[in-house]
Protein chains: 2
Amino acid sequence: MPMTNKLSRVNDAYSRIKEEIRTNRMPPGFQATEPEIALRLGMSRTPVREALIRLESEGLVELIPRRGARVLPINVNDMKEIYDILTSLEPDVAANVAAKKPTLAEMRPLEKAAKDMERALAREDLDAWADADDRFHLYMLDLNGNRRLREIVLALKFQVCRSRIVTLRLRDKPEKSNKEHREILDHIRKGDAEAARKAFRAHRQRAAEELIKLLKKFRITNL
Amino acid sequence: MPMTNKLSRVNDAYSRIKEEIRTNRMPPGFQATEPEIALRLGMSRTPVREALIRLESEGLVELIPRRGARVLPINVNDMKEIYDILTSLEPDVAANVAAKKPTLAEMRPLEKAAKDMERALAREDLDAWADADDRFHLYMLDLNGNRRLREIVLALKFQVCRSRIVTLRLRDKPEKSNKEHREILDHIRKGDAEAARKAFRAHRQRAAEELIKLLKKFRITNL
DNA sequence: AAATAAATTAATGTATACATTGACACATCC
DNA sequence: GGATGTGTCAATGTATACATTAATTTATTT
């Protein structure tokens, strides 16, 4: 029965599998064959296959010839790769945004996200903090306007998002992070691109270093 | 007859279509339905479809529900997006490479590429020049070692490669470019990361600006 | 002739069929 | 017992079938 639902089955399969990966219901290393997944999603192999191809090119799963799809784990080296790229990209995003001198209305979501981060930290709600942090970075990308850049950064962040679930609880309270966000905001408000870039770069590098130190300390090699 | 060739049909379809796009045999805006492409490639729709999905997620084609696959044109805004990202990434690559202090053996391919660029320019062979230029940038990515970064940069460059076929002949002789490459090499040899970054950034920005000016001058809006 | 309705066509999305072939279990030999 | 050969099973890669539906053409009405 083709086209039963408005949205295509491929899309359905794609977002459902992706969500299962994000929430660790399909944890790193998890393997399943196409028929298994198809059965689980209540559709035939074809749309599952096509969804898996998309997920593969996003770097979330690996398609192993006879063993099915495997959810890719992230190791320390992967983390380094990803944070290196983010360290190159995001500071320039902040600089561009600062150079554009956004209006107060455009700044509002950023300000709110920063405030939410502080409130969340005050009540020790780490999940809410992480959520606000994501929003901060996402709005920045939106303000910047470069669609391709946005997609690249989001894809990279999705790859590390699972690891954050773990590390969020292992690390110290992210007070430094909050302060850095405030600083970045200040620079953007003043339209000081160079300062915004520098501050963001320091922010990213510190966060990345801290994270990798943490993973090594706890001997977490795969996530 | 499944698995007739060693390599899978999907791979075959993928690389053949990609090559046709690169060489402008499937020019920007070109549209074809799945059965048409399948016929042309001498296989059934299934592998073609899967190849197209991969090409779509690389940003090379657009899959329009009832009209088939369309080869995406690149406009000035796309160019800006892409060069903005490259301007963020490649200077840091050069800086990382410089910081690593590569051995003479590791430097050799870079040196050779730079020399090839000069020789090619001396005999006015623009294609050979472009080829050597590509090699220079590619070796840099290899030395840097970040696989994800490499794939991202290559995918972005593929999107603009067709435009270069045109602009290569419209622009002045790339003498400045050659000089800049030499400079970057010097900084890397000395292990001066900051200088390498700065030089590469200037290189990219100048090249991008020049390109966009050219496109505007010749009223080229789509490629 | 213009506008609308009906019919045809064809492309997609999905399901299913099937040959090939790797993986694993079992049997055989030293 | 360990190593090697054989057979079965099942997953993949690919082809094909088919219902749905957008697009186009033809027919009909005003």
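These numbers were taken from a predicted model, which means no experiment stands behind them. Proteins come first, then strands; the chains are lettered A, B, ... in the order of their sequence lines, and each starts at number 1.
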Response to the item:
In whole angstroms, the gap separating C1' of C:dA19 from CZ of B:Arg9 amounts to 12 Å

Practice prompt. Take the protein atom CD1 of A:Ile53 and the nucleotide atom C1' of D:dT14, then report the distance between them rounded to whole Å.
Written response: 12 Å

Practice prompt. Output yes when a side-chain donor or acceptor of B:Lys100 lies under 3.5 Å from a complementary backbone atom of B:Leu143, and no otherwise.
Written response: yes

Worksheet item: Under 3.5 Å, is there an N or O donor on one side and an acceptor on the other linking the side chain of A:Arg66 and the base of C:dA23?
Response: no

Item to complete: With a 4.0 Å heavy-atom cut-off, tell me which residues in residues 36-46 of chain B come close to DNA chain D, sorted by residue number.
Response: B:Met43, B:Ser44, B:Arg45, B:Thr46

Fill in: Heavy-atom pair of closest approach, residues B:Pro91 and B:Leu86
CD-O, 3.6 Å

Discussion item. Tell me if the CZ atom of B:Arg169 is crowded by more than 12 foreign heavy atoms within 6.0 Å.
Written reply: yes

Worksheet entry | Length of the line joining B:Ile64:CD1 and C:dG13:C1', which is rounded to integer Å | 17 Å

Worksheet entry | For atom CD of B:Glu50 and atom C1' of C:dT12, their distance in whole Å | 15 Å

Worksheet item: Rounded to the Å, how far apart are B:Glu62 CD and C:dT12 P?
Response: 13 Å

Practice prompt. May I ask you to verify if any side-chain N or O of B:Arg67 is less than 4.0 angstrom from the OP1 or OP2 atom of C:dT12?
Written response: no

Item to complete: Quantify the bending of the helix from C:dA1-D:dT30 to C:dC30-D:dG1 as the angle between its end axes, each fitted on five pairs, to 10°.
Response: 10°

Worksheet item: Over how many whole Å does the gap from B:Leu63 atom CG to C:dT14 atom C1' extend?
Response: 15 Å

Discussion item. Quick one: does any side-chain atom of A:Asp78 pair with a main-chain N or O of A:Asn75 as donor and acceptor, under 3.5 Å?
Written reply: yes

Worksheet, complete the sentence: note: A:Tyr14, atom OH; C:dT14, atom P; distance rounded to Å ~ 16 Å

Fill in: Sugar-phosphate, base or nothing in reach of B:Arg49, heavy atoms under 4.0 Å
base

Discussion item. Can you tell me if A:Arg147 has over 12 outside heavy atoms packed within less than 6.0 Å of its CZ?
Written reply: no

Item to complete: Go through the structure and list residues passing ring pair (Phe, Tyr, Trp, His ring centres under 6.0 Å) with B:Phe136, not counting sequence neighbours.
Response: B:His181

Worksheet item: Expressed in angstrom and rounded to an integer, what is the separation of B:Leu52 atom CG from D:dT14 atom C1'?
Response: 15 Å

Worksheet item: Would you say B:Glu50's side chain and B:Pro47's backbone share a donor-acceptor pair under 3.5 angstrom?
Response: no

Worksheet item: Quick check: does any side chain N or O of A:Asn96 sit under 3.5 Å from a backbone N or O of A:Asn144, one acting as donor and the other as acceptor?
Response: no

Worksheet entry | Donor-acceptor pair, side chain of A:Asn146 and main chain of B:Glu81, under 3.5 angstrom | yes

